[in-house]
Amino acid sequence: MTQKEPITVAITGAAGNIAYSLIYRICTGELFGNDQTLNLNLIDIEPALPILEGLIMELEDSNFHLINKILFTIDPFEGFRDADYAILLGAFPRNKNQTRKDLLGKNSPIFKIQGKALSLVAKRTVKVVVVGNPVNTNALVTAKYAENIPKENIVALTRLDMNRSLSQLSRKLTKNVSNIKNVFTWGNHSASQFVDLSNGYLLENSKKTPLTELVDEEWISGEFQKINQMRGKEVLLKRGKSSAGSAANAVLDCLKSWIYGTETYVSMGVISDNNPYNVPENLIFSFPCTCKNGTWKIAKDLKPNEFCKKMIKKNVDELLEERRIAFELLKD
Ligand SMILES: NC(=O)c1ccc[n+]([C@@H]2O[C@H](COP(=O)([O-])OP(=O)(O)OC[C@H]3O[C@@H](n4cnc5c(N)ncnc54)[C@H](O)[C@@H]3O)[C@@H](O)[C@H]2O)c1
Ligand SMILES: O=C(O)C[C@H](O)C(=O)O
């Protein structure tokens, strides 16, 4: 097979938990194809350098034929140079007594610098997936400081929330997850998020059955929402560390949708400008999106019910507050 010219994939937090799962899967060609060679730019901070060096030794020992070059650095201005893709994992996770919002003080300055670095040295077409928490506001901070990069190129990972809700539905209905379509989350990657089933359906033998006919309303608005809202915390309590394999998996799902397109709605945390759901501009908000030719669009034709509108408002208020805190903290 002829190999394509290398693309540059920059990954921050490369010595961390999520990266350890994500990088291997990228190196197998799962995301960009078995003929796409890769320049991997791995970025972390000074104390993590020995771990990063160990990771690179392991990557070497895995003999991935797609790797053209690996660079490791603690300098984002070096690490993001000419990046086609940037996956921003580098941030501190919460402990079991914290909410994701409690991480703003420690994590949002990281995304200010990385936004500036992306703006200066990455390709203008770079696709950026922000993962570090609180992810919506960190993505907004990145977009604010990445002045040369279109805001549409910067997305927050809310796909894990959607994936979790699909998994719960699959178990409830005892149906394969691939038959459940058009389920997505609105708002913040936090305990306020809201899973919307009103457009969801089960696809079997070309027949679409609305999910609202298959699961009772009380479960949908009660237990189901709570499980999804608290899932990250539950994993953290059991593992003593936050989700990593499922987070890496969701990053891949998000990028596959963005690059190769979608047939149904998927959750993406995107810039709220010009949305039809009365979410104020200049927030990164999880919307139902469709993707085509490497671009995403917010689904325009949905009619959220009164409960959903109330939950959208709750998420808006929370994100306005996060934005206020972050921008105040970072002001020059
Ligand atoms: N959005 C989501 O769905 C989702 C899911 C899981 C985890 N997360 C978040 O992702 C982040 C990473 O999680 P993890 O489990 O990999 O954490 P981790 O602590 O295992 O790894 C984070 C890595 O980031 C590095 N880092 C810290 N500051 C950095 C900087 N300025 N530049 C580059 N690297 C830096 C650390 O040294 C560490 O190696 C956390 O904030 C976590 O809360 C988000
Ligand atoms: O919950 C966390 O702190 C990590 C991550 O955001 C998750 O949802 O698993």
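In each ligand, atom 1 is the first atom listed, and ligand 1 is the first ligand listed. Below, each value reflects all heavy atoms present in this structure, side chains not excepted, and no hydrogens, waters or symmetry copies. One-based numbering along the sequence shown.
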Below 3.5 Å, N or O to N or O, backbone or side chain included: is there any such pair between A48 and ligand 1?
no

heavy-atom search around atom 31 (N) of ligand 1 in the protein gives I110 CG2, 3.5 Å

Sorted by chain and residue number, the residues with a non-hydrogen atom under 4.0 Å of ligand 2 are R94, R100, N133, R164, H189, G232, S242, S243

Donor + acceptor pair across side chains of D196, S198 (<3.5 Å):
yes

Could you list which atoms of ligand 1 come closer than 4.0 Å to a heavy atom of A15?
39 (O)

Can you tell me if D301 has over 12 outside heavy atoms packed within less than 6.0 Å of its CG?
yes

Measure from atom 16 (O) of ligand 1 to every heavy atom in T12, V251, V135, I18 and give the option owning the shortest one.
I18

Are F194 and W186 an aromatic pair, judged by ring center distance below 6.0 Å?
no

S242 neighbourhood, listing ligand 1 atoms whose heavy-atom distance to it stays under 4.0 Å:
15 (O)

Check whether any heavy atom of K241 sits under 4.0 Å from an atom of ligand 1.
no

Side chain to side chain, D84 and V9, heavy atoms closer than 4.5 Å
no

Is there a donor-acceptor pair under 3.5 Å between the side chain of N107 and the backbone N or O of A91?
no

Quick check: is W258 connected to F184 through a chain of hydrophobic side chains (ILVMFWY, heavy atoms under 4.5 Å apart)?
yes

Atom 21 (O) of ligand 1 - nearest protein heavy atom and its distance
G16 CA, 3.2 Å

Is S286 reaching over with its side chain to a backbone N or O of T185, donor-acceptor style, under 3.5 angstrom?
yes

Can any side-chain N or O of N275 pair as donor or acceptor with the backbone N or O of V279 at less than 3.5 Å?
yes

Any N41 side-chain heavy atom under 4.5 Å of F80 side chain
no

Is the shortest side-chain heavy-atom distance between R159 and V266 below 4.5 Å?
yes

With distance as the sole test, does E318 use its side chain to make a donor-acceptor pair with the main-chain N or O of N188 at under 3.5 Å?
no

Would you tell me which option among A91, G132, S246 has the nearest heavy-atom contact to atom 22 (C) of ligand 1?
A91

Those residues that, when tested against T212, pass side chain to side chain contact (heavy atoms under 4.5 Å, CB included) (two or more places apart):
P210

Are there more than 12 heavy atoms of other residues, nucleotides or ligands under 6.0 Å from atom CD of E204?
yes

Just which atoms of ligand 1 are under 4.0 Å from any heavy atom in G13?
23 (C), 24 (O), 25 (C), 33 (C), 34 (N)

Between R100 and ligand 1, which part of the residue brings a heavy atom under 4.0 Å of the ligand: side chain, backbone, both or neither?
neither

Contact check, side chains of C289 and Y265, non-hydrogen atoms, under 4.5 Å:
no

Taking distance alone, with no angle check, do R94 and ligand 1 share an N/O pair under 3.5 Å?
no

What protein heavy atom lies closest to atom 8 (N) of ligand 1? Include the residue and the distance to one decimal.
N133 ND2, 3.5 Å

For atom 17 (O) of ligand 1, what is the closest protein heavy atom, and at what distance to 0.1 Å?
P93 CG, 3.6 Å

The test is salt bridge (charged side-chain N to carboxylate O under 4.0 Å, His left out); show your working for E30 and R25 and say whether it passes.
CA-CA 6 Å; E30 175 183 341; R25 289 181 64 183; 2.8 Å; yes

Which protein non-hydrogen atom lies closest to atom 2 (C) of ligand 1, naming both residue and atom, and how far is it?
H189 NE2, 3.5 Å

Looking at ligand 1, would A244 count as a contact under a 4.0 Å heavy-atom criterion?
no

Which of the atoms of ligand 1 are close to L89, meaning less than 4.0 Å from one of its heavy atoms?
11 (C), 12 (C)

How far is atom 39 (O) of ligand 1 from the closest protein heavy atom, and which atom is that?
D44 OD2, 2.8 Å

Mind checking whether A247 contacts ligand 1 via backbone (N, CA, C, O), side chain (CB onward), both or neither, at a 4.0 Å heavy-atom cut-off?
side chain

Does F111 have its ring centroid less than 6.0 Å away from the ring centroid of Y145?
no

Considering only the protein, which heavy-atom contact is closest to atom 44 (C) of ligand 1, and what is its distance?
V131 O, 2.9 Å

For L160, the atoms of ligand 1 under 4.0 Å from one of its heavy atoms are 3 (O), 5 (C)

Nearest-contact summary for atom 30 (C) of ligand 1 - protein heavy atom, Å:
I45 CG2, 3.5 Å

Using a 6.0 Å cut-off, check whether atom CD of E281 has over 12 heavy atoms from anything other than its own residue.
yes

Please classify the N17 to ligand 1 contact at 4.0 Å (heavy-atom distances, strictly less than): side chain, backbone, both or neither.
both

